[in-house]
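Chain letters run A, B, ... following the sequence lines, proteins first and then strands; every chain starts at 1. When reading the values below, keep in mind they use all heavy atoms of this one structure, side chains included, and skip hydrogens, waters and symmetry mates.
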Number of protein chains: 2
Amino acid sequence: MLKFAILELLHRKPLSGYELKRRFQGSIVFFWRANHSQIYLELKRMEKAGLVVSNQVPQDRRPTKKVYAVTAKGLEALVQWLRGRPKLQSVKDEMLLKCFAFNLIAPDEAAAQLTHHRKLHEVRLEHYIKIKQQLEARHGDLLETSDPILFWNVLCLRQAIASERMYIGWCGWALARHHDFTDKQRSTSFDGGEQLDGRLAN
Amino acid sequence: MLKFAILELLHRKPLSGYELKRRFQGSIVFFWRANHSQIYLELKRMEKAGLVVSNQVPQDRRPTKKVYAVTAKGLEALVQWLRGRPKLQSVKDEMLLKCFAFNLIAPDEAAAQLTHHRKLHEVRLEHYIKIKQQLEARHGDLLETSDPILFWNVLCLRQAIASERMYIGWCGWALARHHDFTDKQRSTSFDGGEQLDGRLAN
DNA sequence: TCTGCCATGTAACAAGTTACATGATTGA
DNA sequence: TCAATCATGTAACTTGTTACATGGCAGA
């Protein structure tokens with residue numbers, strides 16, 4: 001699938017492996033990621049398969065780079081793939097996997113984990129919003145654009161933003177519920193209040 | 001990481017590989033998945049590492065199964081892992097990756113993709129809601145529970161539900177925006193109305 | 001001179017997917 | 001008898017991660 005992510009980026013503009021890596025950290029990160037070792041290998045495989053062609057571009061004051069461009073065959077492969085129905089993505093979220101067994105650690109630790117994780121998502125949200133603002137600065141009202149590339153870009157970006165907001169909201173909600181829960185536990189399982197009353201009543 | 005998902009399930013109750021597979025299709029799917037070939041291999045590796053122990057359990061009217069249980073070492077490994085800070089999950093969503101390049105296919109096809117994908121998420125949401133209702137039928141008001149295992153379970157389930165709702169909402173929003181967009185494109189790029197007026201004015 | 005960025009790669013390993021393979025039991 | 005479910009595995013392959021490795025250029 002990385003193949004197609006690369007084709008999508010290259011069809012907009014020929015890029016070197018290094019530049020592709022940077023794009024992956026920029027716009028496309030919302031829904032795909034890759035590290036450079038994977039990208040370089042994939043590019044070679046794709047060139048062998050005739051989906052892309054490379055050529056060396058000398059630069060001044062910088063090392064020569066190897067710029068890849070999509071071939072007709074590559075574009076066709078991309079379009080064919082776009083027409084296929086994607087399956088549901090299988091969720092894999094380490095935080096939620098941990099959360100599932102947080103009964104095994106102290107309540108305070110669990111709360112700290114949630115708070116910390118919320119922070120991470122807040123940072124990511126900020127990053128996405130910054131990207132959106134940059135686009136707005138350059139193109140004005142994004143939903144009024146007549147550029148289809150930009151249009152779809154913006155839809156994807158919105159999804160990413162909505163997703164982060166949802167996650168952050170959930171963290172807050174979970175923290176509140178956790179707070180209620182530990183409060184209740186304290187008042188019923190320690191030697192005071194209700195329990196003691198209960199015993200006295202026997 | 002699959003290792004820890006397995007430890008989480010086994011610490012609740014010893015299970016065979018086959019039963020684990022079923023759990024992965026049931027509750028834990030919200031944030032992790034695995035197929036049986038992976039599970040069986042992982043269990044063997046974990047047994048070699050002393051994290052679990054197995055024993056054969058003959059059953060009547062059914063094939064003998066090999067039930068795994070967590071060892072003290074396994075439980076310790078699980079708790080250590082729980083204390084660590086998870087990184088942000090890296091999003092990988094094939095649908096969004098495609099969406100990013102939907103300018104390359106016909107607007108109708110793109111809309112059909114969005115509609116189809118929304119349906120998939122609706123089905124998944126239904127599934128989650130059914131699970132929640134089953135839990136409610138068994139335990140009453142889930143947020144009032146005093147069982148920490150159930151409590152964390154429910155928090156995770158809520159995240160999964162919120163996530164599906166967000167996605168479905170986004171699909172609807174995207175479809176509406178896409179509709180506006182293609183309308184606008186039609187009125188400005190075909191040979192009629194404004195464009196023709198423009199030419200006549202020359 | 002030293003840090004940081006540009007630029008490209010390889011190697012070893014871990015994780016995940018798909019297909020192949022077997023065999024018992026149950027109920028229609 | 002035939003399909004479905006229970007039950008467990010292996011093999012081949014694809015993907016993804018981490019670490020290792022190199023070297024130029026720019027600016028402090």
What's the CG-P distance between A:L43 and C:dG9, to the nearest Å?
9 Å
Rounding to a whole Å, what distance do you find between B:R22:CZ and D:dA4:C1'?
12 Å
Between A:T182 and A:Q185, do the side chains contain an N or O donor and an N or O acceptor separated by less than 3.5 Å?
no
Check the pair A:E42 / A:R45 against salt bridge (Lys or Arg N to Asp or Glu O under 4.0 Å), numbers first and verdict last.
CA-CA 5 Å; A:E42 194 62 47; A:R45 249 173 278 149; 3.1 Å; yes
note: A:Y68, atom OH; C:dA7, atom P; distance rounded to Å ~ 14 Å
Going 5' to 3' through nucleotides 13-28 of chain C, assign each nucleotide B (protein heavy atom under 4.0 Å from a base atom), S (under 4.0 Å only from sugar-phosphate atoms) or - (no protein heavy atom that close).
---SBBB---B-SS--
Would a 4.5 Å heavy-atom cut-off, applied to side chains only, mark B:Y40 and B:K21 as touching?
no
Atom pair distance, as rounded to whole Å: CD in B:Q56 and C1' in D:dA7:
11 Å
B:L15 CG to D:dC6 C1', straight-line distance once rounded to whole Å
15 Å
Rounded to whole Å, how long is the line connecting atom NZ of A:K21 with atom C1' of D:dT17?
15 Å
A:K65 side chain N/O closer than 4.0 Å to the phosphate oxygens (OP1, OP2) of C:dT8?
no
Expressed as a whole number of angstroms, how long is the span from B:K44:NZ to D:dA11:P?
11 Å
Can you see if the side chain of A:Y40 gets near the phosphate of C:dG9 - specifically, an N or O under 4.0 Å from OP1 or OP2?
no
Quick one: do the B:T64 and B:Q56 side chains pair a donor with an acceptor below 3.5 Å?
no
Compute both the distance and the angle, then confirm whether B:R12 meets the cation-pi test with A:F100: under 6.0 Å from the six-membered ring centre, within 45 degrees of the axis.
yes
I'd like to know whether B:H117 forms a ring pair (Phe, Tyr, Trp, His ring centres under 6.0 Å) with B:Y167, so could you lay out the CA-CA distance, the side-chain angles of the two residues, the decisive distance to 0.1 Å, and finally the verdict.
CA-CA 10 Å; B:H117 210 69; B:Y167 210 118; 5.8 Å; yes
